[in-house]
There are 4 protein chains.
Amino acid sequence: MPEPRFRRRKEDRPQEITEAALAAFADKGYAATKVDEVAKRAGVSKGLLYLYFKTKEDLFKAVIRSFVVPKIDELTAIIDSSELSSEEFLRGPFLAFVKTVPGSPISVLVRLMISEGPKYPDLLQFYWENVVSRGLAALTVILERGVKNGEFRRSVVTDLPHLFVMPVLFSVIFKLLFEKQCPDTDRLIEAQIDVLIAHMKGEIQ
Amino acid sequence: MPEPRFRRRKEDRPQEITEAALAAFADKGYAATKVDEVAKRAGVSKGLLYLYFKTKEDLFKAVIRSFVVPKIDELTAIIDSSELSSEEFLRGPFLAFVKTVPGSPISVLVRLMISEGPKYPDLLQFYWENVVSRGLAALTVILERGVKNGEFRRSVVTDLPHLFVMPVLFSVIFKLLFEKQCPDTDRLIEAQIDVLIAHMKGEIQ
Amino acid sequence: MPEPRFRRRKEDRPQEITEAALAAFADKGYAATKVDEVAKRAGVSKGLLYLYFKTKEDLFKAVIRSFVVPKIDELTAIIDSSELSSEEFLRGPFLAFVKTVPGSPISVLVRLMISEGPKYPDLLQFYWENVVSRGLAALTVILERGVKNGEFRRSVVTDLPHLFVMPVLFSVIFKLLFEKQCPDTDRLIEAQIDVLIAHMKGEIQ
Amino acid sequence: MPEPRFRRRKEDRPQEITEAALAAFADKGYAATKVDEVAKRAGVSKGLLYLYFKTKEDLFKAVIRSFVVPKIDELTAIIDSSELSSEEFLRGPFLAFVKTVPGSPISVLVRLMISEGPKYPDLLQFYWENVVSRGLAALTVILERGVKNGEFRRSVVTDLPHLFVMPVLFSVIFKLLFEKQCPDTDRLIEAQIDVLIAHMKGEIQ
DNA sequence: AATGAATGAGTATTCATTCAT
DNA sequence: CATGAATGAATACTCATTCAT
């Protein structure tokens, strides 16, 4: 008995399709990915894809939105529920979270944002509001708390949460481009955090 | 019959074309740039462009090669000719050089490498050999010299020259994507160098 | 549980669908009308529509057939039941009937026949047999009766009933295309009939 | 020796293409005509067609414009250069001109305007301004001249130049749809003109 | 009978590349 | 050398039709 040509699974389709799209975009980038290819990967006809996403661009935006926001939610959830000191938090949950990024599917999204972002200002806006600024804000909360506690001295470092994010972006890209020559990204990230914390604490290293 | 005011010499053509291409790629990215558009910008016919570059991909590779190598040559030249201490070098010529990158035309190349690199392994190889590894090697020379001098303690930092490059990559991308919300990149870069040097020197900050 | 206020009966369905189709075709023409749209207008699912009409073309043919024949039946009925002289008939019931055409839903059918007819010879055949030739035949009966009566002289006019139909077709099309610049179609139609009758009667106007 | 794949004939191309398009539209109507088909008929590649006409719609508009305006220019030229009395003009050059329309390539344009016009208001506007209103104006000039001369009585007929155009539109459409059953269109047109002139002259017929 | 999710052939349009001039 | 007219393969998107439910 042959497989039925139609499977009705309305609820699951959008997710199945965005997952396939993420994989395809990861492989070839946005422009080089054919809609046909995404449909095939999702085990779905092109027509159905267009039932859920009006255009290829739409699909792209949906991919960005649906995979990135949950991840950042994860981070803020950790902060809110944590009773740790700032240093403990940075060395513990934050470091752990941040190490998972390079090599995870999200790293693909970073590449997509860099490649295609400039063409879609609204998407950048969304990304800024829902990911980057939220991430930086979360870090700022931690750093400020550390200053208030007396754990940290106020300095450029407590002022520039970007310094804590840098190694992640760097690792993602380095790994993407020069897998072979890439240093141990965990070590790189740890080193940066170490250096920054030491600096904030005013310790002799 | 009056002489044309500017007589274009054959030898300049390829460069004129790669410059036009760089500008076009900067505006729209590789895939979205039409060969027609590049030819128009270069003030040249499409046919002539194809006389110098066999394919669009060829042109792309030429762009990468021709703009990036001179820049890295610049850096290594500075190192070789410099009599400064390691710290002086890092805070002086290195910092100065590195600050010029975000916002310069080369930053465009970074985006191009990220977007298109994975499709062209030979280009990545070239980029690694001629840019990244040379840059890291130059830094390593400086750091080792500092350790030998007794200026710096040996540590993860002297071991990971990547830490010195991170803020540049970060700034380039941040500026590209979030121009509006971008922090002062000079300050960001300086902060990182400060923190790293302080750490290597074992000083209280 | 309250009775639904309107219970749709199965028997009405085809008619409801052809009505929706006529409206949709009127708006956008045949090719530009989507089956989906017709189904929605009819308050019916696409699947059900296909239960009644095998193809879109089928639906189209049903539309033509179902709206045009009753109209022409109306006209012949008037003729058969009328005791009037030929002139009275032409100036009375015929004129009245004919004036209602431009601006009525049937005028849409005219456009459809002109646009799509050439693709469907069987439909044209049907249209000819059931509408045009019957209409012309009815007119011929009247004109012949007038000649027999001595009301009218025999001439090209009594020979070409088409002359009486011309202003209707003209008005329908003019109104369809140039609503804004369209002359009063009633006046146009009346003028034509006047002129023709005067001619047949041999009167000085 | 094989035919050269490329023939450079920049000047002739647009006309060659519009001619092919007119023929294709005549055969199948606008919607059912494939751009591929037009290109093939014109002996040209699809790409080249798109070099001259940005879209299929554009091509359609060009077809309408390029074939219709010359025809109406012809008519107005005849009027301007004629020394005839109004009746002589109507029975002579006007009648002759008007008889050529049904069956000529322009008759195709009439069908196209009816089918597609309502979708392109700007095209209808163009058609109105450059064809219909100019044609009616030309007729009005003739009729007014006849009234001034004393040739004609003023009446609805001198007021409604549309009456003179009606048989042309009617013949075009009748021929298009019911070729087989179509009366002699020359005779139909002549009859209408006869009747109208007789009426304007107030003669007993 | 009734639904609407699913299909896929069909089409307009683009753009890197070629080649007659 | 230089041009840009000409090509055609490639691709996003549509919509009549089918069929599992």
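- Taking 4.0 angstrom as the limit, A:Tyr50 places a side-chain polar atom (N or O) nearer than this to OP1 or OP2 of F:dC13.
- Residue A:Tyr52 is the one, among A:Tyr52 and B:Thr33, whose nearest nucleotide of DNA chain E lies closer to the 5' end (criterion: closest heavy atom).
- Using Watson-Crick or G-U wobble geometry with both donor-acceptor distances under 3.5 Å, E:dA20 finds its partner in F:dT3.
- Residue D:Val35 has its side chain nearest to E:dT13 when only E:dT13, F:dT17, F:dA2 are considered.
- In this structure, A:Lys34 places its NZ atom 15 Å from P of F:dA9, rounding to the nearest Å.
- The base of E:dT13 is paired with the side chain of D:Lys46 by a donor and an acceptor separated by under 3.5 Å.
- Each of A:Thr55 and D:Gly47 was matched to the nucleotide of DNA chain F holding its nearest heavy atom; the match closer to the 5' end belongs to D:Gly47.
- Between the NZ atom of D:Lys28 and the P atom of E:dG10 there is a distance of 13 Å, given to the nearest Å.
- Separating the CG atom of B:Asp36 from the C1' atom of F:dT7 is a distance of 14 Å, rounded to the nearest angstrom.
- In terms of position on DNA chain E, the residue among B:Lys54 and A:Ser45 whose nearest nucleotide sits closer to the 5' end is A:Ser45.
- The pairing partner recorded for E:dA1 is none, the criterion being a Watson-Crick or G-U wobble arrangement whose two distances lie under 3.5 angstrom.
- Regarding A:Ile17, its CD1 atom lies at a distance of 12 Å from the P atom of E:dA5, rounded to whole Å.
- Going from atom NZ of B:Lys56 over to atom C1' of F:dA10 covers 14 Å, rounded to whole Å.
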Check the pair C:Asp27, D:Lys119 against salt bridge (Lys or Arg N to Asp or Glu O under 4.0 Å), reporting the backbone distance first and the verdict last. CA-CA 9 Å; C:Asp27 274 11; D:Lys119 278 209 296 255; over 6 Å; no
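- Atoms CD (B:Glu16) and C1' (F:dA2) sit 14 Å apart, rounded to a whole Å.
- Using a distance-only test at 3.5 Å, with no hydrogens or angles considered, a donor-acceptor pair links the side chain of A:Tyr30 to the main chain of A:Glu57.
- Mapping B:Leu49 and A:Ala32 onto DNA chain F via the closest heavy atom, the residue that lands nearer the 5' end is B:Leu49.
- Rounded to whole angstrom, the span from the NZ atom of D:Lys40 across to the P atom of E:dT11 amounts to 12 Å.
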Apply the test salt bridge (Lys or Arg N to Asp or Glu O under 4.0 Å) to residues C:Lys40 and C:Glu37: give CA-CA distance (whole Å), side-chain angles for both, the deciding distance (0.1 Å), then the verdict. CA-CA 5 Å; C:Lys40 198 168 297 168; C:Glu37 170 65 14; 5.5 Å; no
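- The number of heavy atoms from other shown groups lying within 6.0 Å of NZ (C:Lys61) is above 12.
- Distance check, rounded to the nearest 0.5 Å: CZ of D:Phe60 to CG of D:Leu112 gives 5.0 Å.
- Between D:Arg13 and F:dA5 there is no side-chain N or O to OP1 or OP2 distance below 4.0 Å.
- Taking atom CG on D:Leu48 and atom C1' on E:dA12, their separation rounds to 16 Å, with Å as the unit.
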